[in-house]
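Positions are given from 1 along the sequence.
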Amino acid sequence: MSRQLRSIGILAVIMVIMIFALVPVAGAAPARQATDKVVASDQPVVGGAITVANVTAAADGWIVAHLDEGGKPGKVLGQTLVKAGTNANVQIKLSQAVDVGAKLWPMLHLDAGTAGTYEFPGPDVPIKDAAGNIVMVQISVTAAPTAPAAPTNLPKTGGADAPLGLLLAGLVLLGAGTLLARRTRRA
């Protein structure tokens with residue numbers, strides 16, 4: 001075998017090894033990203049969803065709502081695809097009702113398996129920051145704000161007499177206009 005063919009073969013093997021080193025493996029440790037961030041605060045569930053104020057992702061991924069189980073993230077209640085970069089006001093539709101006072105964990109996951117298909121457990125593992133911490137935040141579900149009661153001591157306006165009052169006002173204006181027109185013609 002020639003020296004040139006042997007060099008090409010060695011180079012090909014090195015390239016294959018490098019490619020496999022870059023491909024995420026199911027069950028592998030979560031990826032570590034320095035730029036990933038999740039920002040959310042305590043809030044009511046509105047329309048069956050929570051809103052994550054800001055998700056910064058180094059790559060396309062998922063923002064996932066986990067139910068708190070014993071102070072740690074547990075059951076997945078919903079997920080929404082996020083794009084690389086900054087994603088503002090991301091809504092996560094929840095699969096079940098959550099009581100006021102319950103804790104949720106919005107958590108950032110990879111989209112490492114089939115693009116656009118949530119696969120966890122599986123290749124779409126949680127993302128870790130440079131310090132090895134999962135990129136997530138804990139929030140509490142609060143009560144929805146209540147609308148103030150309508151005041152009951154306001155004077156009554158309108159009602160059945162309103163059309164009659166409007167008719168009388170119209171007649172008065174018509175009469176005044178007629179008088180003004182007659183005076184203008186005489187002058």
Side-chain angles (χ1 to χ4, degrees), residues 6-145:
R6 191 179 341 199
S7 296
I8 291 172
I10 292 171
L11 184 58
V13 168
I14 291 171
M15 288 178 67
V16 168
I17 291 171
M18 288 176 64
I19 288 171
F20 279 107
L22 296 175
V23 174
V25 178
R32 294 178 186 216
Q33 303 289 340
T35 59
D36 296 309
K37 186 175 181 182
V38 174
V39 177
S41 57
D42 297 349
Q43 62 189 275
V45 174
V46 177
I50 61 167
T51 300
V52 179
N54 189 290
V55 179
T56 304
D60 291 353
W62 297 94
I63 185 69
V64 180
H66 289 266
L67 183 62
D68 183 274
E69 294 177 0
K72 297 185 278 189
K75 179 181 179 182
V76 172
L77 296 183
Q79 66 278 339
T80 300
L81 191 62
V82 291
K83 295 294 183 187
T86 301
N87 301 266
N89 298 317
V90 180
Q91 288 195 334
I92 305 173
K93 187 78 171 167
L94 303 179
S95 61
Q96 69 182 52
V98 181
D99 293 332
V100 170
K103 307 268 189 231
L104 298 174
W105 295 88
M107 179 188 299
L108 192 56
H109 284 241
L110 288 173
D111 187 16
T114 303
T117 301
Y118 182 64
E119 302 163 293
F120 180 79
D124 295 346
V125 294
I127 292 178
K128 289 190 175 185
D129 62 17
N133 300 310
I134 294 175
V135 178
M136 63 182 175
V137 63
Q138 184 188 56
I139 65 170
S140 293
V141 174
T142 61

Please find the pair of heavy atoms, one from Pro126 and one from Ile134, that lie closest to each other, and give the distance. CB-CG2, 3.8 Å

Here the pair of heavy atoms bringing Thr114 nearest to Glu119 is N-OE1, 2.7 Å

So, taking the atom named CD in Gln138 and the one named CG in Asp42, what distance separates them when rounded to the nearest 0.5 Å? 8.5 Å

Do any side-chain atoms of residues 51-61 form donor-acceptor pairs under 3.5 angstrom with protein atoms, and if so which ones, sequence neighbours left out?
unit_1, atom_1, unit_2, atom_2, d
Asn54, OD1, Thr56, OG1, 3.1
Asp60, OD1, Ala84, N, 2.9

Point-to-point distance, once rounded to the nearest 0.5 Å, from CD1 of Ile63 to CD1 of Ile50: 8.0 Å

Look at the side chain of His66 and the backbone N and O of Trp105, then say whether any donor-acceptor pair between them is shorter than 3.5 Å. no

The reported gap from CG in Asp36 to CD1 in Ile127 (rounded to nearest 0.5 angstrom) is 4.5 Å

Enumerate the residue pairs fulfilling side-chain hydrogen bond (donor to acceptor under 3.5 Å, both in side chains) with a member in residues 72-95, sequence neighbours excluded, ordered by first and then second residue. Lys75-Gln96

Where do Val38 and Pro106 come nearest, in terms of heavy atoms and distance? CG1-O, 3.9 Å

Check side-chain hydrogen bond (donor to acceptor under 3.5 Å, both in side chains) between Thr142 and all other residues, then give those that pass, not counting sequence neighbours. none

Ser140 to Lys103 - nearest heavy-atom pair and separation: OG-NZ, 2.7 Å

Judged by atom type as modelled, is there a donor-acceptor pair below 3.5 Å linking the side chain of Asp129 to the main-chain atoms of Val135? no

Is there a donor-acceptor pair closer than 3.5 Å between any side-chain N or O of Asp68 and the backbone N or O of Leu104? no

So which atom in Leu94 and which in Ala65 form the shortest heavy-atom distance, rounded to 0.1 Å? CD2-CB, 3.8 Å

Can you check whether Trp62 reaches Leu81 side chain to side chain, under 4.5 Å on heavy atoms? yes

Going from NZ on Lys128 to CE on Met136, what distance comes out if it is rounded to the nearest 0.5 angstrom? 9.5 Å

